[in-house]
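Just so you know, residue 1 is the first one in the sequence shown, and it goes up from there.
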Amino acid sequence: MLSIAARCGSLPPHLQAVKHGFKNLTFGAKDAVSILKSFYKLFTGLGIRLAHTDVKIPDFSDYRRPEVVNPNQSSQDSSESRRTFSYVLTGATTVVGLYAAKTVVTQFVSSMSASADVLALSKIEIKLSDIPEGKNMTFKWRGKPLFVRHRTEKEIAAEAAVNLAELRDPEHDKDRAANPRWVIVLGVCTHLGCVPIANAGDFGGYYCPCHGSHYDASGRIRKGPAPLNLEVPFYEFPDDDTVIVG
């Protein structure tokens, strides 16, 4: 558009000349030659091209490293510094990427972990002074019955003297009771998951009436179809009067 406007800018003088020539109907050969010259200048003037020789090439020297400003200098002279920069940049990018990946994985795993209310239910604290000697109390823990038995000295001695060779699932009493006075087991029969009855059976421990499994006062299977002893959960005694299960 700028080119067309520039070309049309030369038309008015020529048009004025043509108009002046045609205003006089009687004109001679000189006038005809003048008119032809005007037309020639008109059409040849439209093809004029302007040369833009004042365009300046931008200077990017401020953005280049001093080592590569000189065009006569070999690129090998600055290769060491450029290689060091590349190594540093690659190392920094790798560290940032690994840290970001670690953060994403940590957040993802944390989102799948148990919430605070679920963790609170994973443990139970029991006051042992509420359980009389020779008695068993049942508590609910993680949706399962939990048996806590306060054994007498007679029961402790009887269970410690049992011959392991006679047991279907051999376990010594001291391996099942961290404190000999207390036996803590899950009240779930290892046969079909029934709930045994405490202080019952042929061995004075636990008895499952569903299929006739008999356990002793240490929770070990002594008679019946159950293949394994009653499960002993993890527990600890923070003091002599308290036990925390879980």
Give the cluster check for [X] versus [Y]: same hydrophobic cluster or not, with ILVMFWY residues linked at side-chain heavy-atom distances below 4.5 Å.
X      : Y      : value
Leu192 : Val195 : no
Val183 : Trp141 : yes
Leu128 : Met137 : yes
Ile221 : Leu186 : yes
Val245 : Val148 : yes

Point-to-point distance, once rounded to the nearest 0.5 Å, from [atom1] of [X] to [atom2] of [Y]:
X      : Y      : atom1 : atom2 : result
Ile244 : Glu125 : CD1   : CD    : 4.5 Å
Lys135 : His150 : NZ    : NE2   : 12.5 Å
Tyr207 : Cys194 : OH    : SG    : 11.0 Å
Leu89  : Tyr87  : CG    : OH    : 13.0 Å
Asp240 : Ser129 : CG    : OG    : 11.5 Å
Tyr215 : Asp202 : OH    : CG    : 13.5 Å

Tell me whether [X] contacts the main-chain N or O of [Y] through its side chain, where contact means a donor paired with an acceptor under 3.5 Å.
X      : Y      : answer
Asn229 : Asp169 : yes
Arg222 : His214 : no
Tyr235 : Ala178 : yes
Thr242 : Pro238 : no
Asn179 : Trp182 : no

**Item:** salt bridge (Lys or Arg N to Asp or Glu O under 4.0 Å) pairs, two or more places apart, involving residues 150-163
**Value:**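 Sorted pair list: Arg149-Glu155, Arg151-Asp173, Glu159-Arg220.
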Mind checking whether [X] and [Y] have side chains closer than 4.5 Å, heavy atoms only?
X      : Y      : value
Val243 : Ile184 : yes
Pro225 : Ser213 : yes
Gln107 : Val104 : no

**Item:** Cluster companions of Val162 among Ile, Leu, Val, Met, Phe, Trp, Tyr (side-chain spacing under 4.5 Å)
**Value:**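 Other cluster members: Leu164, Leu167.
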**Prompt:** For Ile197, what are the other residues in its hydrophobic cluster, where any two members join if their side-chain heavy atoms are less than 4.5 angstrom apart?
**Reply:**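 Grouped by the 4.5 Å side-chain rule, Ile197 forms a cluster of one, so the answer is none.
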**Request:** Any chance you could lay out the side chain to side chain contact (heavy atoms under 4.5 Å, CB included) test for Val188 and Glu231, step after step, and finish with the verdict?
**Result:** CA-CA 8 Å; Val188 179; Glu231 181 182 351; over 6 Å; no
**Full working for side chain to side chain contact (heavy atoms under 4.5 Å, CB included) between Leu146 and Lys140** = CA-CA 6 Å; Leu146 179 70; Lys140 184 178 180 180; over 6 Å; no
**Asked** How far apart are the C-alpha atoms of Tyr206 and Phe147, what are their side-chain angles, what is the distance that settles it, and do they pass the ring-ring contact (aromatic ring centres under 6.0 Å, His included) test?
**Response** CA-CA 10 Å; Tyr206 305 94; Phe147 292 163; 5.2 Å; yes
